[in-house]
Amino acid sequence: MRHFLSLYDFTKEEILEIIDLGKKIKEEAKVKNYIPYLQGQSLGMLFEKSSTRTRISFEVGIHQLGGQGLFLSSNDLQLGRGEPMKDSARVISRMVDMVMIRTYSQSVLDEFAAYSKVPIINGLTDKYHPVQLLADYLTMVENGKDKNPIVAYVGDGNNMTHSWMMLASKLGFELRVATPKGYEPLDEIIDDAKMLCEQSGGVVTYTNDPAIAVRGADVVTTDTWVSMGQEDEKEKRVGDFKGYIVDTELMSKAKEDAIFLHCLPAYRGYEVSEEVIEKYADIVFDEAENRLHAQKGLMVWLEKKR
Ligand code: CP
Ligand code: NVA
């Protein structure tokens, strides 16, 4: 049995296999051919943070695969009243076939997985957001940006950055990360990425200058400056991230046919300008839709490994 806690645990071949499966299932779904690969199965969806895309894509995804999704908000569970995570894991995993969790600490996810009888999927932690990267890479494939691309990530060194670092260093492409001073990715992930790049031929570089990162890039991406749980830091962050907006001027430094990606939700006037997000809206909302398809691929893949 496999869990999907981080891309670190997956080989290049496995990541591409999951994305291919998502692509195939997307093609089937286009003609409303919803093949019940997971007939009668239940997916527990445990949320300790808000969500639009993750909740809807997993709930609709499992339904289209012939199963059902259960939305479990920690506020409504005994978990919210202090039932230990390891007990919740042992109970929930005896009743459902797979569990997706969105929580704060990666260690909570790891603990849940350690006590679970069924596969666990990371639906976002403070450290990683790996399901988003499956959708992002599928979008790159669909836009012909999967052949030795240069990807520029501009903004906060957060869960999205860490996930891009894992993807680039596993698949072996070039990623340039531009963050303000003090908002760099975690050292341990920089070390992991370095080690993985030595094996894959990938290159991950770090700068405090967005223009250096974006110059000649095939894909430019960003994420909110204020992640869930950091609301109290908003004022300071907005000041510290001045100059890190992805606007038309910054995009003009990328390749002429470069694409822009955003995991969403987007905060216009902060990490991205209205003009840029609207210019690339078709791609950005394909990317959002691809959450559904890529995660269906993931769930079917995990089931196959049991
Ligand atoms: N991108 C993403 O995970 O969106 P939600 O927070 O709406 O799920
Ligand atoms: N970095 C953001 C991603 C939201 C999908 C957050 O954690 O809030």
Side-chain angles (χ1 to χ4, degrees), residues 4-7 22 43-62 69 71-74 99-109 121-140 153-167 175 177-180 183-186 189 219 221-234 236-238 240-241 244-246 260-268 270-272 277 280-281 283-296 298-299:
F4 189 76
L5 307 179
S6 152
L7 294 173
L43 171 74
M45 308 186 308
L46 177 50
F47 284 90
E48 296 205 283
K49 291 179 174 178
S50 308
S51 168
T52 299
R53 281 142 288 268
T54 305
R55 178 176 175 180
I56 299 171
S57 54
F58 271 108
E59 193 159 340
V60 172
I62 186 73
F71 174 68
L72 308 168
S73 160
S74 56
V99 182
M100 181 246 94
I101 304 176
R102 169 167 287 196
T103 186
Y104 291 87
S105 160
Q106 186 80 14
S107 62
V108 166
L109 184 78
I121 298 171
N122 181 352
L124 181 146
T125 61
D126 290 346
K127 193 171 176 187
Y128 290 120
H129 194 7
V131 285
Q132 179 68 50
L133 271 288
L134 297 179
D136 292 3
Y137 197 71
L138 174 55
T139 313
M140 284 170 62
Y153 176 96
V154 178
D156 188 20
N158 62 13
N159 45 10
M160 279 303 298
T161 327
H162 296 153
S163 304
W164 274 107
M165 289 162 68
M166 282 300 112
L167 189 77
L175 173 70
V177 176
T179 63
Y183 294 93
E184 289 88 357
L186 288 176
I189 298 174
V219 178
T221 186
T222 183
D223 181 24
T224 181
W225 295 340
V226 187
S227 285
M228 289 179 275
Q230 298 173 334
E231 290 77 9
D232 293 349
E233 299 169 31
K234 181 171 176 186
K236 175 168 172 24
R237 284 176 165 266
V238 168
D240 292 347
F241 281 85
Y244 284 77
I245 186 171
V246 179
F260 172 75
L261 295 177
H262 195 309
C263 65
L264 303 176
Y267 298 94
R268 291 159 165 85
Y270 293 93
E271 78 274 7
V272 63
I277 193 142
Y280 296 95
I283 296 173
V284 169
F285 292 103
D286 276 353
E287 177 190 3
E289 180 191 323
N290 279 339
R291 293 289 305 276
L292 170 66
H293 309 298
Q295 289 160 194
K296 284 167 77 181
L298 172 64
M299 289 188 279

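All of these numbers come straight from a predicted model, not from anything done at the bench. Indexing begins at 1, ligand by ligand and atom by atom, following the structure's order.
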A.B. asks: Just verifying a value: how many Å separate Trp225 CH2 and Asp240 CG, rounded to the nearest 0.5 Å?
C.D. replies: 10.0 Å
A.B. asks: Students should be able to answer this: which protein heavy-atom is nearest to atom 6 (C) of ligand 2, and at what distance?
C.D. replies: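 Answer, as residue, atom name and distance: Ser227 OG, 3.3 Å.
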A.B. asks: Would you say Thr139 and Asp286 are linked by a side-chain donor-acceptor pair, where the criterion is simply a distance under 3.5 Å?
C.D. replies: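 No.
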A.B. asks: Measure the distance from atom 8 (O) of ligand 2 to every protein heavy atom, then report the residue, atom name and distance (to 0.1 Å) of the closest one.
C.D. replies: Met228 N, 2.8 Å
A.B. asks: Number the atoms of ligand 2 from 1 as they appear, then name those within less than 4.0 Å of a heavy atom of Leu124, with their elements.
C.D. replies: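 That gives atoms 3 (C), 4 (C), 5 (C), 7 (O) of ligand 2.
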A.B. asks: Report yes if some N/O of Pro265 lies less than 3.5 Å from some N/O of ligand 2; otherwise report no.
C.D. replies: no
A.B. asks: Would you say the ring centroid of Tyr183 lies under 6.0 angstrom from that of Tyr244?
C.D. replies: no
A.B. asks: Hey, which of Thr224, Asp232, Asp156 is the one that makes side chain to side chain donor-acceptor pair (under 3.5 Å) with Arg237?
C.D. replies: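 Only match with Arg237 under side chain to side chain donor-acceptor pair (under 3.5 Å): Asp156.
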A.B. asks: For ligand 1, which is the ligand I care about here, please tell me if Leu124 has any N or O atom under 3.5 Å from one of the ligand's N or O atoms.
C.D. replies: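 For ligand 1, there is no N or O atom that lies under 3.5 Å from one belonging to Leu124.
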A.B. asks: Looking at atom 3 (O) of ligand 1, what's its closest protein heavy atom, distance included?
C.D. replies: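 Closest protein heavy atom to atom 3 (O) of ligand 1: His129 NE2, 2.8 Å.
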A.B. asks: Can you report which non-hydrogen protein atom sits closest to atom 7 (O) of ligand 1, along with the distance?
C.D. replies: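 Protein heavy atom at minimum distance: Thr52 N, 2.7 Å.
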A.B. asks: Which one holds for Leu264 and ligand 1: side chain close, backbone close, both close, or neither close, with close meaning a heavy atom under 4.0 Å?
C.D. replies: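 Looking at Leu264 and ligand 1, just backbone atoms fall under 4.0 Å.
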A.B. asks: Are any of the N/O atoms in Asn159 less than 3.5 Å from those in ligand 2?
C.D. replies: yes
A.B. asks: Using side-chain heavy atoms (C-beta onward) and a distance below 4.5 Å, is Thr125 in contact with Tyr104?
C.D. replies: no
A.B. asks: Please check whether Thr54 reaches ligand 1 - meaning an N/O of the residue sits under 3.5 Å from an N/O of the ligand, judged on distance alone.
C.D. replies: yes
A.B. asks: Tell me if a side-chain donor or acceptor on Glu231 pairs with a main-chain N or O of Gly229 at a distance below 3.5 Å.
C.D. replies: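 Side chain of Glu231 to backbone of Gly229: a pair is present.
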A.B. asks: At a 4.0 Å threshold, what atoms of ligand 2 neighbour a non-hydrogen atom of Leu264?
C.D. replies: 5 (C)
A.B. asks: How far is atom 2 (C) of ligand 1 from its nearest protein heavy atom, and which residue and atom is that?
C.D. replies: Arg291 NH1, 3.3 Å
A.B. asks: Quick one, Trp164 and Val177 - any side-chain contact, counting heavy atoms below 4.5 Å?
C.D. replies: no
A.B. asks: Can you find a heavy atom in the side chain of Tyr270 that is under 4.5 Å from one in the side chain of Val226?
C.D. replies: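 No; the side chains remain at least 4.5 Å from each other.
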A.B. asks: Can you list the ligand 2 atoms lying under 4.0 Å from a non-hydrogen atom of Thr224?
C.D. replies: 2 (C)
A.B. asks: Considering heavy atoms of the protein only, find what lies nearest to atom 4 (O) of ligand 1 and give residue, atom and distance to 0.1 Å.
C.D. replies: Arg53 NE, 2.8 Å
A.B. asks: Is there any N or O on Arg102 that sits under 3.5 Å from an N or O of ligand 2?
C.D. replies: no
A.B. asks: Which of the atoms in ligand 2, numbered in the order shown and given with their element, are less than 4.0 Å from a heavy-atom of Asp223?
C.D. replies: 1 (N), 2 (C), 3 (C)
A.B. asks: Which residue owns the protein heavy atom closest to atom 6 (O) of ligand 1, what's the atom, and how far is it?
C.D. replies: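 That would be Arg102 NH1, 2.8 Å.
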A.B. asks: Do any nitrogen or oxygen atoms of His129 come within less than 3.5 Å of a nitrogen or oxygen of ligand 2?
C.D. replies: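 By distance alone, the answer is no.
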A.B. asks: Is it true that Asp223 and Asn158 share a donor-acceptor pair across their side chains at a distance under 3.5 Å?
C.D. replies: yes
A.B. asks: Using modelled atom types only, decide if a donor and an acceptor are shared between the side chain of Arg53 and the backbone of Ala288 within a distance under 3.5 Å.
C.D. replies: no
A.B. asks: Quick check: Phe71 with Phe47 (ring centres under 6.0 Å apart)?
C.D. replies: yes
